[in-house]
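Because the structure is a prediction, the values reported are computed rather than measured. Both backbone and side-chain heavy atoms feed into the values below; hydrogens, waters and symmetry mates do not.
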Amino acid sequence: MSERLQRNQLVINEFRSAGGLVGGDFEGVPLLLLTTTGARSGQPRTMPMTYLRDGARLVVFAANGGRESHPGWYHNLLANSAAGVEVGTETYDVTATEVEGAERERLWAQQLEYTPYFAGFQERAGRRIPVVALTRTAD
């Protein structure tokens with residue numbers, strides 16, 4: 001297991017054992033766990049990530065830490081928009097939709113207010129960072 005995957009697993013374990021709270025670098029940061037279906041493997045893949053609330057939706061950003069490529073979870077959602085989220089102690093299914101145009105710009109600007117370091121991600125990535133809305137599916 002790569003160092004990055006090991007670090008993510010530690011965050012996932014802490015999140016689940018502490019009711020959705022994580023300390024260290026993530027203390028006070030809104031964090032969710034997103035579970036997608038691997039586009040090639042068909043296996044569940046869970047990633048911790050920051051998010052922004054937009055009404056009833058949760059919005060995530062495919063920044064990938066400023067890397068040149070989109071993150072795996074984004075590719076998984078392109079292949080299958082159905083996913084699961086864990087927020088706090090709640091778990092539910094969502095449908096992912098990429099946000100474009102003025103709405104994307106509004107959400108990106110709002111995220112930069114909370115996490116100004118995302119501007120550095122955009123600069124380093126050399127690509128437009130996708131913005132993805134997660135909408136709860138009917139139970």
Side-chain angles (χ1 to χ4, degrees):
M1 187 183 288
S2 75
E3 184 179 324
R4 192 167 85 179
L5 287 177
Q6 286 177 333
R7 191 170 48 247
N8 282 342
Q9 191 58 54
L10 291 173
V11 172
I12 290 166
N13 294 346
E14 183 177 354
F15 182 101
R16 287 177 173 158
S17 68
L21 299 175
V22 178
D25 293 343
F26 295 108
E27 189 160 351
V29 175
L31 201 66
L32 62 75
L33 301 182
L34 176 68
T35 300
T36 61
T37 300
R40 289 187 301 243
S41 70
Q43 297 300 307
R45 303 285 184 224
T46 301
M47 289 295 299
M49 61 186 69
T50 63
Y51 71 94
L52 175 71
R53 277 202 185 273
D54 184 54
R57 303 183 307 176
L58 306 175
V59 180
V60 293
F61 304 84
N64 205 16
R67 292 174 188 83
E68 292 179 7
S69 61
H70 295 311
W73 63 262
Y74 174 74
H75 293 288
N76 292 345
L77 288 175
L78 289 178
N80 180 358
S81 64
V85 295
E86 296 172 54
V87 180
T89 58
E90 193 175 13
T91 301
Y92 55 91
D93 293 330
V94 294
T95 301
T97 308
E98 188 165 348
V99 180
E100 299 284 356
E103 184 181 20
R104 184 233 180 252
E105 298 310 314
R106 175 183 66 82
L107 293 167
W108 179 256
Q110 198 173 343
Q111 181 67 13
L112 289 179
E113 289 177 25
Y114 297 112
T115 53
Y117 59 86
F118 268 50
F121 290 166
Q122 178 69 67
E123 205 171 288
R124 284 196 310 275
R127 61 181 171 85
R128 183 178 178 83
I129 292 176
V131 175
V132 179
L134 304 172
T135 305
R136 188 178 197 138
T137 55
D139 292 330

pair [X]-[Y]: side-chain heavy atoms closer than 4.5 Å:
X      : Y     : value
Leu134 : Tyr51 : no
Arg16  : Ile12 : yes
Arg40  : His75 : no

Quick one: pull up [atom1] in [X] and [atom2] in [Y] and give me the separation to the nearest 0.5 Å.
X      : Y      : atom1 : atom2 : result
Met47  : Asn64  : CE    : CG    : 8.0 Å
Glu98  : Glu103 : CD    : CD    : 11.5 Å
Leu5   : Leu10  : CG    : CG    : 11.0 Å
Glu100 : Glu105 : CD    : CD    : 9.5 Å

Minimum heavy-atom distance [X]-[Y], with the two atoms named:
X     : Y      : value
Arg57 : Ala133 : NH1-CB, 3.6 Å
Val94 : Gly84  : CG2-N, 4.3 Å
Pro71 : Arg127 : CD-NH2, 4.4 Å

Would you mind listing the cluster partners of Phe121? Hydrophobic ones only (ILVMFWY), side-chain contacts under 4.5 Å, chaining allowed.
Leu52, Val59, Phe61, Val99, Leu107, Trp108, Leu112, Tyr114, Tyr117, Phe118, Ile129, Val131
Does Thr137 offer a backbone N or O that forms a donor-acceptor pair with the side chain of Asp93 under 3.5 Å?
no
With a 3.5 Å distance limit and no angle check, can you tell me whether Arg124 reaches the backbone of Gly65 through a side-chain donor-acceptor pair?
yes
Kindly indicate, with the supporting measurements, whether the criterion side chain to side chain contact (heavy atoms under 4.5 Å, CB included) is fulfilled by Gln111 and Thr50.
CA-CA 10 Å; Gln111 181 67 13; Thr50 63; 4.0 Å; yes
For a quick test of your reading: what N or O donor-acceptor pairs under 3.5 Å do the side chains of residues 20-37 make, sequence neighbours left out?
unit_1	atom_1	unit_2	atom_2	d
Thr35	OG1	Thr46	OG1	2.7
Thr36	OG1	Asn76	ND2	3.0

Mind jotting down which residue pairs meet the salt bridge (charged side-chain N to carboxylate O under 4.0 Å, His left out) criterion with at least one end in residues 58-78? Sequence neighbours excluded, please.
none
